[in-house]
Amino acid sequence: MASHNLKHALFCAIVTLIISYPILGFNLESQGIDVTLEGAETSTVLGVLLAAVIVFLFQLFRDNVMGSLRQLPAVNPLANRKPMEQSKRLKLESTLLTLMVIGALIWPFIASRGAVDLATLVLIYIMLALGLNVVVGLAGLLDLGYVAFYAVGAYTFALLSQYYGVSFWFALPIGALLAALFGLVLGFPVLRLRGDYLAIVTLGFGEIIRILLNNMTSLTGGPNGIGGIPDPTLFGMEFGRRVKEEGNTSFHETFGIAYSGEHKVIFLYLIALVLAVITAIAIRRLMRMPVGRAWEALREDEIAAKSLGLSRTAVKLSAFTIGAFFAGFAGTVFASKQGFISPESFVFLESAIILAIVVLGGMGSQMGVILAAIAVTILPELAREFSEYRMLIFGAAMVLMMVWRPQGLMPMRRIHIELKRQE
Amino acid sequence: MLVLEDVHTHYGKIEALHGVSVEVKKGEIVSLIGANGAGKTTLLMTVCGNPQATSGRVIFQGRDITRDMTSNIMRSGIAIVPEGRRVFSGLTVEENLHMGGFFNTKSEIRKSQDHVYELFPRLKEREHQRAGTMSGGEQQMLAIGRALMSKPNMIILDEPSLGLAPLVIKQIFEIIGKLREEGITVFLVEQNAHQALNLADRGYVLETGRIRLHDTGRNLLANPDVQNAYLGG
């Protein structure tokens, strides 16, 4: 046993050295046109060696360390907690949600402009994640190309405003409906597929849309993107310093207040908030309706669902379409917020992040997804101080999450009663 | 009520049913018995249109359903209790039942739900429990109850006794008998030949994709070939 431990510890220490020494132990110095390799400072090398020794010692006494760790009481404060009663839980959840919305309403008036901007982004991600939650969490269709529908929403608004001068409020439903239409059309060929195959094909579709946008230069401007996307207006009132479109009035003049760039940011934030709340409520209703149950039934057992006369096509397509619809919503808001969009905003990484939010939050659980969207968007911003290490911290946080709560932040719970133990 | 005429079914190039003709009359219990791999489940699935018959005809209530879509067939008054129960394990008992009545109105659902709870008081007790946490027998009851929710004229049961304790099997067969009293036609596919033939008005014996024997349930039970092959001598 001891020799086995020693071997293992040595191996780990050597791996540590192999991984870290070449990366940290050498520096590339440019001398004129030549680049030479030089050893790093002594302190760095010592640090690497120290790390190897620590790894060695930890692996050697791993059993003891982990054993005493486990004896520490309540590392996880939630471990021994009894599950809350159903009625209490529901009440708590609705109060919490109401408080969150109220807090979100007050937020822009107390926070800085940057914070409000970030919060708008969070809300966009919440919309996206809630939409994807329908497809992945409820219907169980692993969609890796979800960002395509987001792109359709954003580009619909951008193109409509560029070519036809359509305003935000008209583009919003058009963008969402067009995204839904794309969901419907793209849904058809992938319906026969399941699991991994579905994931690959949807991934392909996501890329097709992005590459199309990138190459249809005459229409979309290709990689240059589309700029000058107008801000939303409030009943014809613009938020700029000067009115761009004739016949419109400007917000600060109408209300007789001094112009401030913050008005626009706050207004966009409030729009995003309203849309996110609408999204959440709409999907919550859908989940309770027969359609919602049909999604879950199809995810649980396709054959059984078919045996009850459910049409696989109709059920899957409805999930795809509704998911895409809300992505279109989010896309329109995103285009308006940025004022400029290019295919670069809709790369696969976006799909992956949205999927990560859904999985982290707990598939199918709305509350969890909302919390995860907040966490995933804000965490990299908070970690900005650590500059180059921030993605590392993000990754570490993800790993910790998976260890601590493999089911997600708040796994989906369905209403059920516990049987009382008989006396 | 249900007629299969010279039905051939293929899985790809392999023919699984070689011209099967079966008839189930209104109000009957008809049993189909056969060994593993004889094509029992294939026959049922052909009725449901998945896979569809390559030749021959399937007629239900006087209508040719051979080329209909599965989802349409399942809405036309047939209900199936699939092999291995296949309840939605993450959904509660009540939600499972509601899925069964998916295409009915709310008041109809409530009525048939009460009716199912009458048949299976056990399910009422477990109304809000997740289906996956129940015992095999309870899940089988739920699967039958779910099939009844669509108020079918005919119910097809695929191996309802599979993997259940003898006492539970007895209960399940009692319930199947009750279904007949309610005027529901029953098409029963079973490996448990003794019980199935005992209950049945008529029976078919399927062997490697062909109907070998066809008689009343009682006669089949007494038939020495059947006794040898399916009843353990």
Side-chain angles (χ1 to χ4, degrees), chain A residues 83 85-87 89-90 133 136-141 188 191-192 194 285-319 362-365 407-408 411-422, chain B residues 41 44-45 47-50 68-106 109 125-134 139 142-143 146-150 152 155-158:
Chain A
E85 255 177 69
Q86 192 62 42
S87 57
R89 196 190 148 82
L90 279 177
N133 194 23
V136 178
L138 293 175
L141 307 165
F188 261 113
L191 280 174
R192 320 175 119 261
R194 228 170 288 180
R285 295 285 309 168
L286 280 170
M287 277 163 71
R288 303 261 158 90
M289 272 159 63
V291 202
R293 243 182 286 118
W295 290 334
E296 286 185 69
L298 203 73
R299 178 194 66 199
E300 295 268 330
D301 195 320
E302 208 164 282
I303 291 181
K306 271 165 82 181
S307 86
L308 299 173
L310 291 179
S311 156
R312 190 178 61 175
T313 320
V315 176
K316 280 191 179 176
L317 272 183
S318 66
M363 300 234 256
S365 141
Q407 300 270 307
M412 183 174 174
R413 291 250 194 127
R414 49 186 51 261
I415 302 153
H416 67 286
I417 48 164
E418 255 110 87
L419 291 175
K420 285 204 185 87
R421 203 160 283 158
Q422 275 168 352
Chain B
T41 299
L44 291 192
M45 296 313 276
V47 173
C48 301
N50 178 33
D68 279 13
M69 293 229 307
T70 303
S71 49
N72 288 338
I73 295 172
M74 301 321 296
R75 285 180 223 175
S76 65
I78 293 188
I80 185 166
V81 181
E83 186 176 359
R85 307 184 273 275
R86 291 190 173 271
V87 294
F88 304 117
S89 53
L91 272 58
T92 65
V93 169
E94 194 180 25
E95 285 172 321
N96 263 281
L97 291 178
H98 285 187
M99 285 308 302
F102 197 82
F103 298 98
N104 293 354
T105 61
K106 263 193 186 156
I109 288 180
E125 286 169 30
R126 313 240 148 178
E127 198 172 5
H128 298 294
Q129 195 176 330
R130 279 189 188 216
T133 61
M134 300 198 302
Q139 289 189 21
L142 178 57
R146 187 178 62 185
L148 289 175
M149 287 296 288
S150 62
I155 187 166
I156 300 176
L157 297 126
D158 194 356

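Below, chain A is the first sequence line, B the second, and so on; all start at residue 1.
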Do any N or O atoms from the side chain of B:Arg86 and from the backbone of A:Ala304 form a donor-acceptor pair under 3.5 angstrom?
-> no
Identify which part of A:Ala294 has an atom lying under 4.5 Å from any heavy atom of chain B, answering side chain, backbone, both or neither.
-> both
Nearest 0.5 Å please: distance from the CE atom of B:Met69 over to the OG1 atom of A:Thr313.
-> 6.0 Å
Do you know the tightest heavy-atom contact between B:Phe88 and A:Leu308?
-> CE1-CD1, 3.8 Å
Looking at B:Arg85, B:Glu94, B:Arg146, which makes the most heavy-atom pairs under 4.5 Å with chain A?
-> B:Arg146
Cut-off 4.5 Å, heavy atoms of chain A, and the answer for B:Asn50 is side chain
Determine whether A:Glu300 and B:Ser89 make a side-chain contact, defined as any pair of heavy atoms from C-beta on separated by less than 4.5 Å.
-> yes
Flag the pair B:Phe102 / A:Leu310 as yes when at least one side-chain heavy-atom distance between them is below 4.5 Å, and no otherwise.
-> yes
OG/A:Ser307 to CG/B:Leu44 distance, rounded to the nearest 0.5 angstrom?
-> 11.5 Å
Rounded to the nearest 0.5 Å, what separation is found between the CG atom of B:Leu91 and the CG atom of A:Asp301?
-> 11.0 Å
Do you know which of A:Ala297, A:Ala305, A:Ala314, A:Ser311 has the most heavy-atom pairs under 4.5 Å to chain B?
-> A:Ala297
Compare all side-chain heavy atoms of B:Pro82 with those of A:Lys306 and state whether any distance is below 4.5 angstrom.
-> no
